[in-house]
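Here's the structure we're looking at; comments come further down.
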Amino acid sequence: TSISMGTVHDTNCSHPSCWWGEYVAGLKLISCNSIHFLCLPPSEVDSQQNMSPEHSSINIILFGALAKDYSESVSQGDMLLVTGFSVGNSPTAQKDKLHACNLQLAGNDAWMYVSTCLGRGSYAVKVVKYTYVPLSDLKPGVVVNVYAVVTFFKQPFRTKGTDYCSTLKITDQSNKKVGCTIFCDKLEEHPKIFKMGDIIRLHRVKTQLFNGAISLLTSHGFSVVTFDGMVGSPVIPRTSSESFKFGEEDCQVVEALRTWAANQSLVPAQPCVPLSAVQPTTYFDLTCQLLAKAPVDSSCTLLKVWDGSKCPHPLLDVFVEPNTLEGSPTLSKDMANLTANVLVYDNHVEVARQFKPGSYLRIYNLHAVPGASRLPSNDSVQSDQTGHLGFHLHGGTSYGRGLRVLPEDSPDILDLKKILETFSESDINDSSMFEVWSTPPESFGIPLQSASYSDTCCMCIGVERTCDHTVEQVSLAEVKSRSPPQVFHVQVQLKSYQPQRLYQSLKLFCHKCKTIRDVPDDVTVGGLFSEAQKDVGPCNNGYWTLVLPLPREPPSESPSRTLTLLMSRATLEETCRIASAYSNIVPVTSPQGTMTPLDLSAPFLFRGTKRYYGCKQCSQLKVGESLGEGVDVWDEKSVAEALGVQLLQYGLLMKLELQDGTGFLEALLWRDAESFFHVSAEDAAADQEAQDRVQETMDRLCPPGSSTAERPWMDLCLSAYTVEENGQRRACYQICHTGTRVGSLHTP
DNA sequence: GCTTAGGCTTCG
């Protein structure tokens, strides 16, 4: 795998195995194209004009999605940049007298940029142009691309064949309503539709006459992207595809469809109803958080959910054996009439089985049923629940009946989270560190993984002090009675910890202004990228531009000497792809024709899978100045310095509630968190293995579902200090000089 | 091997 650049010489395909529809090594070879290209950096093309192609040309062969997407878009004279290829023997070398090897681009790692030269060192990347047909213009028997508004949908359901099926009804400005059937064996490749009014882009769908009307059906190479339909919300494509194309034109089409749809009455009366507005016997859509679930029998699963609103009708309680229950419903929420019991039947059981407690769900066409549940276990319970509201998701898919997980950053869920947070049952302190504390309230206290206690209890963990001072061990009661500053040694158990969603413990810290901020999620960063796309000046002809320093050495040879400024026509996803090929990627924008990094809420530097952030308060961007004179090696520090960015450092912040029989104490894990877990926070931000290590440590200290008596004892070194807030002084505690060690068990 | 479904309330 390497990086090559060159100019397209010929686009005739001479590959012997080039047949439409052929399967090659598990990849569906939809088309295949070989491109002879000059194996020279573009700066040398002019001086090498008279070089014979036999000595300078090589075949590139594209497979699968790349072939599909790029074969039509490449033309003679185009500039190419190719990464992630493998080098093979060219079977046509004898015949075409070209290079004995060829470059083969296949799979997810292969990437190709097609460019037309704009001037030395800067290229506009040409992408495939799709044309979209208005729904009223569809003729039977052709493959087309369409953009439309979803007016009806069913979540994917199993067919009698090999695939899942999504059934949709769509419409566009032509006012034509068209049915659409999507067959696909992979659930994740089905359109991600959350509600009516969502926007959908379909590529390569086949028109078909059915019952005298045109309908759309998936065809070879089908792909789909969806968008939120709300006017003014960011245009963020929802797809699992890694190679989809999305540009400024797409934004405009989406926005036009949104505006048009807003003035139509396409969507029936709001099907989304909170529990507080549910009428008995009606069908409605519910957006909620899953608290717990339990299998009832082979055709029925119980979901305990809430949406933070209080139902005016008493809610039915459904009793299940505690050992069959996954997740932690709380009695207090039951008592407050906040927990809704949803019985999910038949085809939906398979879907519900994938859900994890804590996730956010939307349940479509839920039936509010008054009257006691007929579950056998309820008969033994004396409480009279006549007239209490239970909820049934009946079998079948009529009226779009179904359910799905919603991403946590979707707008509806952000609203829901705000509501749920007002139900905080734990009092969260507000010292300076807790200002950034995004830990959800007790109600979110649900483990990410549902490992049972029996899975984890056999693995023992030791927690040891690494400090060299000899301080006598004291009780927590003693600790609280003494005034800081002071250092203590304690032997304690973990009662609880926050955040339970461990990725929320990742923070960014500024050494200069001492502030801590959260690491933004991909949707936030992706939004900043699409914002920046709007700012790119008129010098760009509607595409994004790769600006390379045109190093004397090719980028592949000494990656640490290369800094790439990436003009943000690129999406976050594309930037990540490029970052995996180049060593340092700085996304830039040019609002007034001057290149400048994006808003510092976004990473200013991408390298491999790592992202680096700058402090918004302390950075003083050097705009328009020449970059990196005298810099030999580009690392995050030198890049930050060259850009005038105050580099933020990754850290882990957790709050541990400790107990030892004499009392409880809340202590922060911050300064020495990395040595506590034996991971670097920077790794934890980018590396699953490091994240797993933190999760495992917490699972061992506090096994899910365990009683406190079952948890290991820890020897901790505690540092007590004073925090001043609102003129009041308060003692705070931090765990320091302490590390975990797997494999030994401490007993009190 | 190239279909499957083709919206339109379960009945627990």
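Side chains included, hydrogens not; waters and symmetry mates left out as well; all remaining heavy atoms used. The sequence lines fix the lettering, A, B, ..., with proteins before strands; numbering per chain opens at 1.
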Next on the checklist: Both Tyr164(A) and Gly396(A) contact DNA chain B. Which one's nearest nucleotide lies toward the 5' end?
Outcome noted: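 Upstream on the strand: Tyr164(A).
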Next on the checklist: Please determine whether a side-chain nitrogen or oxygen atom of Lys154(A) lies at a distance below 4.0 Å from atom OP1 or OP2 of dC8(B).
Outcome noted: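 For Lys154(A), the contact criterion (side-chain N or O under 4.0 Å from OP1 or OP2 of dC8(B)) is met.
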Considering every strand and a 4.0 Å limit on heavy-atom distances, what is the contact class for [X]: base, sugar-phosphate, or nothing?
| X | answer |
| --- | --- |
| Leu168(A) | nothing |
| Asn211(A) | nothing |
| Ser398(A) | sugar-phosphate |
| Gly395(A) | base |

Give the rounded distance in Å between these two atoms: [atom1] of [X] and [atom2] of [N].
| X | N | atom1 | atom2 | result |
| --- | --- | --- | --- | --- |
| His394(A) | dC8(B) | NE2 | C1' | 15 Å |
| Leu216(A) | dA5(B) | CG | P | 19 Å |
| Gln208(A) | dA5(B) | CD | P | 14 Å |
| Gln155(A) | dG7(B) | CD | P | 18 Å |
| Phe153(A) | dC8(B) | CZ | C1' | 15 Å |
| Asn347(A) | dA5(B) | CG | C1' | 14 Å |
| Leu266(A) | dG7(B) | CG | P | 19 Å |
| Ile214(A) | dA5(B) | CD1 | P | 21 Å |

Side chain of [X] - closest among [options]:
| X | options | result |
| --- | --- | --- |
| Ser215(A) | dG6(B), dG12(B), dT9(B) | dG6(B) |
| Phe210(A) | dT3(B), dG6(B), dT10(B) | dG6(B) |
| Lys160(A) | dG6(B), dT4(B), dG7(B) | dT4(B) |
| Thr162(A) | dG1(B), dG6(B), dC8(B) | dG1(B) |
| His367(A) | dT4(B), dT10(B), dG12(B) | dT10(B) |
| Ser299(A) | dG7(B), dG12(B), dT10(B) | dG12(B) |

Next on the checklist: Tell me if the centroids of the rings in Tyr132(A) and His203(A) come within less than 6.0 Å of each other.
Outcome noted: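 Yes; His203(A) has its ring centre under 6.0 Å from that of Tyr132(A).
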Next on the checklist: Check for me whether the distance between the ring centres of Phe222(A) and Phe183(A) falls short of 6.0 Å.
Outcome noted: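 Centroid separation for Phe222(A) and Phe183(A): 6.0 Å or greater.
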Checklist entry - Sub-3.5 Å donor-acceptor pair from the side chain of Ser530(A) to the main-chain atoms of Gly526(A), do we have one? => result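 Confirmed, Ser530(A) side chain pairs with Gly526(A) backbone.
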Checklist entry - Sequence neighbours excluded, which residues qualify as salt bridge (Lys or Arg N to Asp or Glu O under 4.0 Å) partners of Arg258(A)? => result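 In terms of salt bridge (Lys or Arg N to Asp or Glu O under 4.0 Å), with neighbours along the sequence ignored, Arg258(A) is linked to no residue.
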Item to check | DNA chain B-proximal residues of residues 180-191 of chain A, any heavy atom under 4.0 Å | outcome: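 By residue number: Thr181(A), Phe183(A).
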Item to check | Parallel, tilted or perpendicular: rings of His392(A) and Tyr345(A) (30°, 60°) | outcome: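 Tyr345(A) and His392(A): parallel rings.
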Checklist entry - Looking just at side-chain N and O atoms, do Asp198(A) and Thr226(A) make a donor-acceptor pair shorter than 3.5 Å? => result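 Looking only at side-chain atoms, Thr226(A) and Asp198(A) do not form any donor-acceptor pair under 3.5 Å.
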Next on the checklist: When you compare the side chains of Tyr164(A) and Arg158(A), does any donor N or O come within less than 3.5 Å of an acceptor on the partner?
Outcome noted: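 Checked: Tyr164(A)/Arg158(A) side chains pair up, N/O donor to acceptor below 3.5 Å.
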Checklist entry - Got a sec, which residues hit side-chain contact (heavy atoms from CB on, under 4.5 Å) with Asp307(A), two or more places apart in sequence or on another chain? => result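 Asp307(A) satisfies side-chain contact (heavy atoms from CB on, under 4.5 Å) with Pro274(A), Leu275(A), Leu286(A), Cys288(A), Ser309(A), Leu416(A) once adjacent residues are dropped.
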Item to check | Pairwise C1' distance for dG6(B) and dT10(B), with rounding to whole Å | outcome: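 So the two C1' atoms sit 22 Å from each other.
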Next on the checklist: With the criterion set at under 5.5 Å between ring centres and under 30 degrees between planes, would dG7(B) be stacked on Phe152(A)?
Outcome noted: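 Stacking between Phe152(A) and dG7(B): present.
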